[in-house]
Amino acid sequence: SAVISQKPSRDICQRGTSLTIQCQVDSQVTMMFWYRQQPGQSLTLIATANQGSEATYESGFVIDKFPISRPNLTFSTLTVSNMSPEDSSIYLCSAEKTVTDTQYFGPGTRLTVL
Amino acid sequence: GESVGLHLPTLSVQEGDNSIINCAYSNSASDYFIWYKQESGKGPQFIIDIRSNMDKRQGQRVTVLLNKTVKHLSLQIAATQPGDSAVYFCAENWRAAAGNKLTFGGGTRVLVKP
């Protein structure tokens with residue numbers, strides 16, 4: 001398994017601002033992912049963070065709103081840009097060591113936009 | 001407490017009884033299935049997985065059953081304990097050209113009564 005940490009654990013932000021969430025894995029992993037979990041809902045995949053290339057976004061999510069970086073095999077960031085109250089959610093990072101491995105999740109970042 | 005599980009179906013179980021959580025999946029090409037447990041304020045935690053070439057897998061106090069004919073997955077928890085109170089998600093994995101895709105079910109909240 002992989003131990004995954006996220007920073008910040010929670011934040012309260014004003015609309016129109018941006019927040020960058022960091023995800024750190026304790027060992028090298030092949031794949032990293034970002035999910036959104038809206039209040040009382042299940043998890044929805046935002047994008048796959050690719051090391052050395054642009055992230056792959058799912059339908060309904062765009063790079064301008066959710067820019068993602070993955071500079072190496074243990075670290076990724078997700079930025080929530082120009083936030084509105086509708087962006088209030090839990091944002092979760094996950095990772096898998098190999099393509100046949102299970103995805104393990106970080107503790108999440110709880111974002112509230114006022 | 002956190003907002004996870006507020007709007008999800010709830011299974012109330014007496015402590016010591018067995019719990020059965022059901023999940024329907026959608027993609028017949030999915031080759032790998034995972035059950036996650038999410039406690040309040042935490043990220044999803046891996047419980048047990050099963051590959052599509054199996055129909056049953058047992059872990060410690062948990063059993064997963066897979067019925068590919070009707071695309072149905074279930075999680076059985078034996079002798080349910082207060083610590084089992086959480087939201088449980090099934091997830092199906094299929095391999096797209098860009099890599100693994102994990103799709104989560106809606107989730108079930110399990111409430112263990114003492």
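Values in this document were obtained by computation on a predicted structure and should not be read as measured data. Residue numbers start from 1 in every chain, and the chains themselves are labelled A, B, ... in the order their sequence lines are given, proteins ahead of strands.
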Is the centre of the B/Phe89 ring less than 6.0 Å from the centre of the B/Tyr36 ring?
no

Ring center gap for A/Phe105 and B/Phe46 short of 6.0 angstrom:
no

Considering only heavy atoms, give the residues of residues 14-27 of chain B separated from chain A by less than 4.5 Å, sorted numerically, with 'none' for an empty result.
none

Considering only heavy atoms, which portion of B/Ile34 lies under 4.5 Å from any heavy atom of chain A: side chain, backbone, both, or neither?
side chain

Shortest non-hydrogen contact from B/Arg57 toward B/Ile50
N-CD1, 4.0 Å

Could you give the distance from NE2 (B/His72) to SG (B/Cys90), rounded to the nearest 0.5 Å?
9.0 Å

Under 4.5 Å from any heavy atom of chain B - which part of A/Glu58:
side chain

A/Leu45 versus chain B, the contacting section by heavy-atom distance below 4.5 Å:
side chain

So if I apply the side-chain contact (heavy atoms from CB on, under 4.5 Å) rule between B/Leu75 and each of B/Ile47, B/Thr63, B/Val110, B/Thr108, which one comes out positive?
B/Ile47

Hey, are A/Thr74 and A/Gln24 close enough side-chain-wise for a donor-acceptor pair under 3.5 Å?
yes

Going by an N to O cut-off under 4.0 Å, is there a salt bridge joining A/Lys65 and A/Asp87?
yes

